[in-house]
Protein chains: 2
Amino acid sequence: MNLSVSEENYIKSIYKLEEGQDSVTTNALAYELDTKPASVTDMAKKLKEKKLIAYEKYQGINLTPEGKKAALQIVRRHRLWECFLVEKLAFSWEEVHELAEELEHVRSEKLTNRLSEFLGNPAIDPHGDPIPDAQGKMGKPRTQTSLHKSQAKRLEVMAVSDKSAALLEFLTAKGIRLGTQLDVIERYAFDNSIEIKIRNQPAFTISEQVSKNIMVKAI
Amino acid sequence: MNLSVSEENYIKSIYKLEEGQDSVTTNALAYELDTKPASVTDMAKKLKEKKLIAYEKYQGINLTPEGKKAALQIVRRHRLWECFLVEKLAFSWEEVHELAEELEHVRSEKLTNRLSEFLGNPAIDPHGDPIPDAQGKMGKPRTQTSLHKSQAKRLEVMAVSDKSAALLEFLTAKGIRLGTQLDVIERYAFDNSIEIKIRNQPAFTISEQVSKNIMVKAI
DNA sequence: AATAATATTTAGGTAAATCTAAATAATAAT
DNA sequence: ATTATTATTTAGATTTACCTAAATATTATT
C-alpha cells in the first residue's frame with residue numbers, strides 16, 4: 001500500500017484521536033489536521049476506498065486493522081526519529097516534534113529498522129511514548145491519566161500528549177519535564193485550572209488546556 | 001524562500017547539469033528529472049518568477065546566485081545524509097542515493113548543521129563528492145575526467161557520477177569502488193567500450209555508458 | 001538558402017488535495 | 001415534537017505539478 005504524505009497524516013491523526021473514543025468525528029479530525037471538515041470528508045472517501053478506514057456518512061471514522069498497521073508504522077518512524085534527534089543530535093524534547101513530523105514520511109523499512117538498531121531499539125521516545133516494534137507491537141499504550149483527570153495528590157509526569165512547541169516551551173519554562181514530581185495544591189472548579197507545586201519551587205497555576213495534556217501517574 | 005520538493009529537485013538537477021555546460025536545455029532537464037519538456041517549461045517560468053534561475057524562451061536555463069545557494073544547501077543535505085546512512089547505519093554506497101533523495105528535502109538548517117557536526121563535519125560523501133559547508137563553500141568540484149575521456153593508462157577511481165542503483169551494483173560486482181586502481185588494456189573504437197584490469201583480477205570490458213560515469217584521475 | 005529534423009513552447013486537460021458556500025443530516029433545546 | 005444549533009456532506013473552484021497534442025523556433029542537412 002503506497003500512501004501519500006497527506007494520507008499518512010490523516011491515518012496518524014485518526015489513530016491518535018481514536019484512543020479512548022470509539023470513533024473519530026469529521027470536525028475533530030479537521031481541527032487536529034488544521035484543515036476544513038469538507039477536506040476531511042473528501043479524504044475519508046479516499047481512505048475508505050483504500051480499505052484503511054471504516055467510514056459511513058455521518059457515522060464517524062475508524063481505522064481498519066490494515067489502517068492501524070499503517071498508523072503504527074508511521075508512529076514507529078516518528079518516535080524513532082525523535083529519539084535520534086534528542087540522543088544523537090542533542091536537540092531538546094520540545095524541538096523534535098516538527099522535525100520528526102517530516103522525517104517520519106520517509107517510508108523505508110530497512111532505514112527504519114537500521115535506525116532502531118542504531119539507537120539500541122529503544123522502547124520509549126523522548127516524550128515518554130512507547131515505540132512500536134517492527135511488527136507493530138507496542139508497550140502499554142502509555143501512562144494512566146491526564147493531570148486534568150487524575151485524582152492523585154502527588155504524581156509524576158510520564159508524558160505530554162500534545163507536542164506543540166508552545167506547550168513544550170511553557171512546560172520547560174515552568175520546570176516540568178519527564179519524571180518531574182508534583183503536588184496538587186488546589187483544583188478550581190470554575191475554570192478547571194489547577195494549582196501545582198514542584199519541590200523547592202513556588203506553586204503556580206496551570207490552565208485546563210495544559211493539564212489535559214500532561215500525562216501523569218500517582219506516586 | 002520556501003521551495004516545494006519539486007522545485008528543489010529542479011534546482012538540484014539544474015545545478016548538476018550546469019557543471020561544464022554554460023546553460024541547461026529544456027530537454028536535458030526533462031530527461032534528468034524523468035519528466036516531459038513541457039513540464040520543464042512550466043517550472044522554468046515559476047523558478048524564474050522566484051528569481052532562482054535566469055531563463056528566456058529558447059535560451060536555456062542557468063541558476064542565479066540565489067539559485068546556486070539553494071542548490072548547494074540541497075546538495076549539502078543530500079551528501080550529509082548519505083554519510084550518515086553509510087557510516088552510522090551501515091548501508092552500502094549503492095543503497096543510499098534514493099534514501100538521501102528523500103531525506104534531503106527536510107529543510108532545517110539546525111538539523112543539517114547538527115547532523116554535520118555529529119558526523120564530524122565530513123568534507124566528502126561516500127561517493128567521493130565534496131560536501132558544501134554551512135556557507136555553501138565546497139572543496140574542488142571533484143575529479144578531473146570520466147574514464148571515458150581519460151587518456152591515462154593507469155588511474156584511480158575517484159567518484160561515480162551516476163548514482164543509479166543498477167550502475168552501483170554493477171561496479172560493486174566487478175570490484176570497482178572508490179580508490180580502486182585500474183589499468184586500461186584496450187579501447188575499442190567501434191562501440192567505445194574499454195577493456196580494463198584491476199590488479200590481481202582478470203581483465204573485463206565495460207560499455208561506454210559505464211565508463212562515462214566513472215570519474216578517475218591518472219596515477 | 002530552403003528544407004528537414006529537432007527542440008521548445010503554448011494551449012488545454014488531469015489528478016491530488018485543498019478551499020468556500022450552500023445544502024442536508026443529526027443533535028440539542030425549548 | 002418542533003425548532004434551533006451544530007455537524008457533515010455536496011457542489012463547484014483553486015493550486016500545484018504534471019500530461020498530450022499542436023504550434024512555433026532553432027538547428028542541421030542537403
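Chain identifiers are assigned alphabetically (A, B, ...) following the order of the sequence lines, protein sequences preceding nucleic acid strands; residue numbering begins at 1 within each chain. Just so you know, these numbers use all the heavy atoms, side chains as well, and skip hydrogens, waters and symmetry mates.
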- prompt: Nearest-Å distance, CG (B/Asp34) to P (D/dA17)?
  reply: 17 Å

message: So if I take every side-chain heavy atom of A/Ser4 and compare against C/dC19, C/dA17, D/dT9, which nucleotide ends up nearest?
response: C/dA17

task: Could you tell me the separation between the NZ atom of B/Lys45 and the C1' atom of D/dA17, rounded to a whole number of Å?
output: 14 Å

B/Tyr55 side-chain N/O to C/dT8 phosphate OP1/OP2 under 4.0 Å: no

- prompt: Is a salt bridge present between A/Glu18 and A/Lys68, judged by a nitrogen-to-oxygen distance below 4.0 Å?
  reply: no

- request: Write down the distance between CG (A/Leu33) and C1' (C/dA17), rounded to a whole number of angstrom.
  value: 12 Å

- prompt: Between D/dC19, D/dT10, C/dT24, which one does the side chain of A/Ala38 approach most closely?
  reply: D/dT10

- prompt: A/Ile61 has an atom CD1; how far is it from atom C1' of D/dA7, in whole Å?
  reply: 13 Å

message: From the set D/dA17, C/dT18, D/dT8, return the single nucleotide nearest to any side-chain atom of A/Thr25.
response: D/dT8

- line: For B/Gly67 and B/Ile11 the tightest heavy-atom approach is O-CG2, 3.7 Å

- request: Let me see the working for A/Lys50 and A/Glu7 under salt bridge (charged side-chain N to carboxylate O under 4.0 Å, His left out), right down to the final yes or no.
  value: CA-CA 10 Å; A/Lys50 292 194 171 192; A/Glu7 289 169 334; 3.1 Å; yes

B/Gln59 CD - D/dT24 C1' separation (whole Å): 15 Å

- prompt: So what does B/Thr26 touch, heavy atoms closer than 4.0 Å: a base, only the sugar-phosphate, or nothing?
  reply: sugar-phosphate

A/Glu7 CD to C/dA15 C1', straight-line distance once rounded to whole Å: 12 Å

C/dT8 OP1/OP2 closer than 4.0 Å to side-chain N/O of B/Tyr31: no

- prompt: Does a side-chain N or O from A/Asn27 land closer than 4.0 Å to OP1 or OP2 of D/dT8, or not?
  reply: yes

message: Quick check on side chain to side chain donor-acceptor pair (under 3.5 Å): which of B/Thr112, B/Asn113, B/Asp125 does B/Arg76 satisfy it with?
response: B/Asn113

- line: A/Lys46 NZ to D/dT9 P, in whole Å, measures 16 Å

- prompt: Taking NZ, NE, NH1 and NH2 as the nitrogens, is one of them in A/Glu56 or A/Lys48 under 4.0 Å from a carboxylate oxygen of the other?
  reply: yes

message: As a test of reading the structure: which of D/dC18, C/dT9, C/dT20 is closest to the side chain of A/Lys36, going by heavy atoms?
response: C/dT20

- line: DNA chain C nearest-nucleotide lookup for B/Ala28 and A/Val5: closer to the 5′ end is B/Ala28

- request: Mind calculating the distance between CD (A/Glu56) and C1' (C/dA25) to the nearest angstrom?
  value: 15 Å

query: With both distances under 3.5 Å as the test, what is the Watson-Crick or G-U wobble partner of D/dT30?
result: C/dA1

- prompt: Which nucleotide in the set D/dC19, D/dT8, C/dC19 lies at the smallest distance from any side-chain heavy atom of A/Thr35?
  reply: C/dC19

statement: The nucleotide from D/dA7, C/dC19, D/dC18 with an atom nearest the side chain of A/Ser39 is C/dC19

task: Just do the salt bridge (charged side-chain N to carboxylate O under 4.0 Å, His left out) check on A/Lys110 and B/Glu95 with the steps written out, would you?
output: CA-CA 10 Å; A/Lys110 194 166 183 179; B/Glu95 294 176 290; 2.3 Å; yes

- request: Consider the side chain of A/Ser6, meaning its heavy atoms from C-beta on, and name the nucleotide among D/dT8, C/dA17, D/dC19 that approaches it most closely.
  value: C/dA17

message: What's the closest nucleotide to the side chain of B/Tyr58 if the choices are D/dC19, D/dT9, D/dT26?
response: D/dT26

